[in-house]
Amino acid sequence: MSSRIVLLHFLFLFLLLHLIDSLDTLGPNDTLKDGDVLISQGSTYSLGFFSPSNSSSRYLGIWYYGQPEQTVVWVANRENSVNDTSGVFAFDHSGNLVIHANNGSVPIWSTNVSSMTSNNSTIAQLLDSGNLVLYHDLSEVVIWQSFDYPTDTFLPSMKLGRDWRTGVNWFLTSWKSEDDPAPGSCSYRFEATGFPQLFLYKDRAPYWRPGPIIEKQQGILAKMANDFIYNVTVVNNATEVSLMYAVINASVLSRYVVHESGLVKHFMWHTEEQRWTEFNYHPKELCDYYSKCGPNGICGANNADQFDCTCLPGFEPQSPGDWYLRDGTGGCKRRQEASMCQSGEGFVKVKRLKLPDTSTAHVDMSLSLKECEQECLRDCNCTAYSSANETMGEYGCLKWYGDLEDTREFSDLGQDLYVRVDAIDLARYRKRSTLVKKARVATISVSALVLLLLGTLVYCFMSKRKRDGRGRNHLASVTTSSTHFNELPGLKDLNRDGRPKTDLSFFDFGTVAAATSNFSSVNELGQGGFGSVYKGAMNNGTEIAVKRLSKYSGQGIEEFKNEVRLIAKLQHRNLVKILGCCIKEDEKLLIYEYLPNKSLDSFLFDETKRSLLDWGKRFEIAYGVARGLMYLHQDSTLRIIHRDLKASNILLDDTLNPKISDFGLARICGGDQIEGKTKRVIGTYGYMAPEYAMQGRFSIKSDVYSYGVLLLEIITGQRNSGHYPMNTFCNLIGHVWELWKEGQCMDIVDKSMDKAYSEKMVSRCIQIGLLCMQRYASDRPTMSTVVFMLGNTDVVLPSPKQPAFIEESDYNRDFQSASNRTCSVNGVTVTVVEAR
Ligand SMILES: *[C@@H]1O[C@H](CO)[C@@H](O)[C@H](O)[C@H]1NC(C)=O
Ligand SMILES: *[C@@H]1O[C@H](CO)[C@@H](O)[C@H](O)[C@H]1NC(C)=O
Ligand SMILES: *[C@@H]1O[C@H](CO)[C@@H](O)[C@H](O)[C@H]1NC(C)=O
Ligand SMILES: *[C@@H]1O[C@H](CO)[C@@H](O)[C@H](O)[C@H]1NC(C)=O
Ligand SMILES: *[C@@H]1O[C@H](CO)[C@@H](O)[C@H](O)[C@H]1NC(C)=O
Ligand SMILES: *[C@@H]1O[C@H](CO)[C@@H](O)[C@H](O)[C@H]1NC(C)=O
Ligand SMILES: *[C@@H]1O[C@H](CO)[C@@H](O)[C@H](O)[C@H]1NC(C)=O
Ligand SMILES: *[C@@H]1O[C@H](CO)[C@@H](O)[C@H](O)[C@H]1NC(C)=O
Ligand SMILES: *[C@@H]1O[C@H](CO)[C@@H](O)[C@H](O)[C@H]1NC(C)=O
Ligand SMILES: *[C@@H]1O[C@H](CO)[C@@H](O)[C@H](O)[C@H]1NC(C)=O
Ligand SMILES: *[C@@H]1O[C@H](CO)[C@@H](O)[C@H](O)[C@H]1NC(C)=O
Ligand SMILES: *[C@@H]1O[C@H](CO)[C@@H](O)[C@H](O)[C@H]1NC(C)=O
C-alpha cells in the first residue's frame, strides 16, 4: 500500500473551506510526488503513482481506496510511463495539470487545456465518484475532468457517447495487457449514427452489440443489470448523445471493464468477502458475436443441438452448401423472384429479437406503430420496422434499409421486428398462422366438449353463443388487417414444428414391480445418491430403467408430480429421457429410457473397454455432455443445476452418444433453488467444487467444476479420486496441474489411445478442464463458454490459475473425515457418495 502523505496547505485563506480537509484536493502550489496519494472525501478512491501487476513502470492513476488488491479505474499517462520514482504531478504555469519525470522540463503528460480558459488559480479535486476534476478556484466551472478521458473502466455517472459542442468522444479502450495500460485493441463505444447503440470493437471490427437501448426494454445493458440494481439514462439531443448508468444503492461499488481479450465484464464489490465478483460478461454465447449468421440471418442459441442460424422471413441462405456445413456467416438473401415494390407485399412479425444493427436505421419518435408500418410500406427500400419506445404501448418508429445485420433470438427478452416480405411469402405465413390458430381452436374445442358433458344445456347454449361471437370478431380483424399478423409465433416454432408432445405417463406400481421382477437385486443396475436403479422389461418388450427413490423426500405427492412433469419436459439429445413416474404410498419411482451401453465410467475405467474410446469418440462425448449441461443451465425453461455430474451419471447409447442422467433429482427430491445454499450437500467426492463441498453453496459454476473433473478423466482415463491416496496433494487434478505447468501434460493422456490424437486439441481440452476447476466460481467459464471454446479451436484461451483442491490442507483435512461417508464441515452435513 502506498503511504498516505497528508497534503495540507493553508495559504489561500479564502479557500480554507475547500482545503480544510484537503486530502482530496491539489492546490496550485502543491506537488504530488511518487508515493503521495490523494484520497476522495468519502475514502472511496485514491489517486497517485502505481505500477501495474508485473511491471516496474510508474503511472499516475485512480484506484479504489483501501481494498486488499489495487484495482485501477483510470490512468493518466497511459502511453508514457515514468521509469523510476521521480514522477511528480502538479500544476504548470498555465494552470494545467502535468506529470514531470527526472526533473525534465517537458512534461510527459498534460491536461492540455488551452491557456485561454485556464490560469494559475486552478485546483484539482478527486471526487467520490472517481472523477478527478479541475476547476477555477471561485467559479466552480469544471474545465477538465478525468471522466471525459475514460480508459478501460466505466463507472456510475460516467458517460459514453459524444458531446456535439466540444467534440469530445467518450469511449473505453482496453489496456494492451495486464501490465501495460496503453490503449489496446478493444474499444467500447456508444455510437450516435442511426439510432444510438453500444458497440464493442475488436481490432476496429464490430465484435459485440448489446442491441439498441429501447425504453423499457433498455437493451441488454439494463437487462443484465436487473432494474433493481441500476438504471440507465440515455440522452439524445442537439448537445449530446450519451449513455450513463447509476447504481440505485449508491454504497454498492460497480464497474464495467473492457478487457483486451474482447470481453466487457461487469464487476460488483462484495463487501463481506472483500473481493470483486464478476457479475456478468459479454459476449457470452455464440449468438452474441457480431453478425454470427450474416446479413438477414437470425442466430438462435436456444438449442445447442440444432443449427443455430435461420433466415428472416422472406429470405433464403446465400450459400446453401455452407449453410449445410453449419457455416452461417454468408447470411441470407431475398428469394430471386421476390417482388418487393408496391405489389401486395406486407410484413411478418418476428418475436423476441435483438433488433438488427441500427447504424443506418431511421428513427421518428412522433409516429405510432401503425403509422410506422404505412411509412415503411410506402418506401420500397424499407426492409423492416419496429417500435422505438415501448413505454406506453408501442410508440416511435424505427425503420431499416438494406440488409438486416446481427439479429438474434432470445427466449424471454427481446423485441418484435416486422420484416417486409412479398405477396407470396405473406400468403404463406398467413396460412401457417391460421393453421396454428386452428390448432388452438381445436384444443379449445376439446376442452369445451368436456365442459359440455359436465355442464347443463343452458351453459352449453351460452358458451356456444360466446364462441360464435368470438369467431365473427376474428374474421373482422383478418379483413381489416391486410398487411401484417398480430400473432405469428416465433420463427423457431414454425421451423421446428412436429415435435413430439411430452405428456408424462403415470405407471401402475404393480406393472413396474412385475417388470423388474419385484426390484430383485439381479436386475439392479446401480445405486446413486437418490436411490437404486433397476432394469425392467415391459410386457411389450420395451426395456426401461427404473429409479426407486429413497424414502426421505419431504415433498408432497402433488408437488412431486409437478416437479417430475416439469423435468420430463426437458428434452435434449444429451439428456436421458424420462418416460414417466409412479407413486404408491411412500414409494416414488421414476421410469427412464433404458440405455444398453451403461455408463461412461464402465468404459473409461475398464482396461479392455477403454480402447473402444478413441480420441474422436472421447471428444464427442465431452462435447455432448457440455451441450447437455448447457441446456440444463440456461436453455431449458427451468435452469437446472445438476449437482452430481460424474462419469457414472453419463450414460451412453448404442452409438456411444452421451446422455446425462439423474438431472433434476435435487429438484424432484425436494426444495431446490436456482442458486443458493443448502444444508444437504449431495455430490461425489472428487467432483465437488470447493465452495459447494465446504460451504454448501451451489450454482451453475459448481457444475462447471464437476465438468472440468470429468473432462480430465475422459482425457486421462483415470479417476480423480481413484488411484491416488486421499491425504496427499497428488490427486488427478494436482498431477495434471503439475504437468501442465511444466508443459508435459501429454504424459498423462490415456495410453490406450496410442497417441492417435492431435496434441494441440488434447492440450486445449486439458486447459479448458483446468479453467473449469478454478478456485473461485467467478473465474470459471459458463457451460456456454465451454461449448464455445470446445467448438472454436482458433479462439485463444485464457491461462488457468492453479485449480482448487491442491495444497489446501483444510480441504484435505475435511476429506479425510469425509471418507467415512458423512462429516460435518462448518455445520454443513456433507453426505459423500463414493464414486462407483
Ligand atoms: C504559490 O506560490 C506563489 C509564489 O511563491 C505565491 O505567490 C502564491 O500565493 C502561492 N499560492 C498558493 C495558493 O499557495
Ligand atoms: C508476472 O510475474 C511472475 C513472477 O514475477 C511471472 O511468473 C508471471 O509469468 C508474470 N506474468 C506476466 C503476465 O508477465
Ligand atoms: C524510460 O526508459 C526507456 C528505455 O529504458 C526510455 O526510452 C524512455 O525515454 C524512458 N522514459 C522516461 C520518461 O524516462
Ligand atoms: C500566473 O499567471 C500569470 C499570467 O497569466 C503569470 O504572470 C504569473 O507568473 C503566474 N503565477 C504563477 C505563480 O505561476
Ligand atoms: C531536481 O532539480 C532540483 C533543482 O534543480 C534538484 O535540487 C533535485 O535534486 C533534482 N532532483 C533529481 C531527482 O534530479
Ligand atoms: C495539446 O493539444 C494540442 C492541440 O490541441 C496538441 O497539438 C498537442 O499535441 C497536445 N499536447 C499534449 C501533450 O497532449
Ligand atoms: C482565472 O480565470 C478565470 C476564468 O478565465 C477567472 O474567472 C479568474 O478570475 C482567473 N483567476 C485569476 C487569479 O486570474
Ligand atoms: C440535452 O440533454 C442534456 C442532459 O439532459 C441537457 O443538459 C442539455 O441541455 C440538453 N440539450 C438540449 C439542446 O436540449
Ligand atoms: C437512477 O438512480 C439514481 C440513484 O438512485 C437516481 O439518482 C436517478 O435519479 C435515477 N435516474 C433515473 C432516470 O431513474
Ligand atoms: C446498500 O448496500 C449496502 C452495502 O452493500 C447495504 O449494507 C445496505 O443495506 C444497502 N442499502 C439498501 C437500501 O439496500
Ligand atoms: C432506393 O434505393 C435506390 C438505390 O439504393 C435509390 O436509387 C432510390 O432512390 C431509393 N428509393 C427511395 C424511395 O429512397
Ligand atoms: C417514450 O414514451 C414515454 C411515454 O410516452 C415518454 O415519457 C418517453 O419520453 C419516451 N421516450 C422517448 C425516448 O421518446
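One-based numbering, in listed order, for ligands and for the atoms of each.
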Would you say the side-chain atoms of Trp63 and Ser46 include a donor-acceptor pair closer than 3.5 Å? yes

Return the closest protein heavy atom for atom 5 (O) of ligand 8 as residue, atom name and distance. Val235 CG2, 4.1 Å

Given the side-chain rings of Tyr289 and Tyr207, with only the six-membered ring counted for Trp, is the space between their centroids under 6.0 Å? yes

Under 4.0 Å from any heavy atom of Thr239, which atoms of ligand 8 are there? 1 (C), 8 (C), 10 (C), 11 (N), 12 (C)

Compute the ring centroids of Tyr245 and Tyr256, then answer whether they are less than 6.0 Å apart. yes

Where is the nearest protein heavy atom to atom 12 (C) of ligand 8: which residue, which atom, and how far? Asn237 ND2, 3.3 Å

Lys159 with Glu240: basic N within carboxylate O range, under 4.0 Å: yes

Less than 4.0 Å from atom 7 (O) of ligand 8, is there any heavy atom belonging to the protein? no

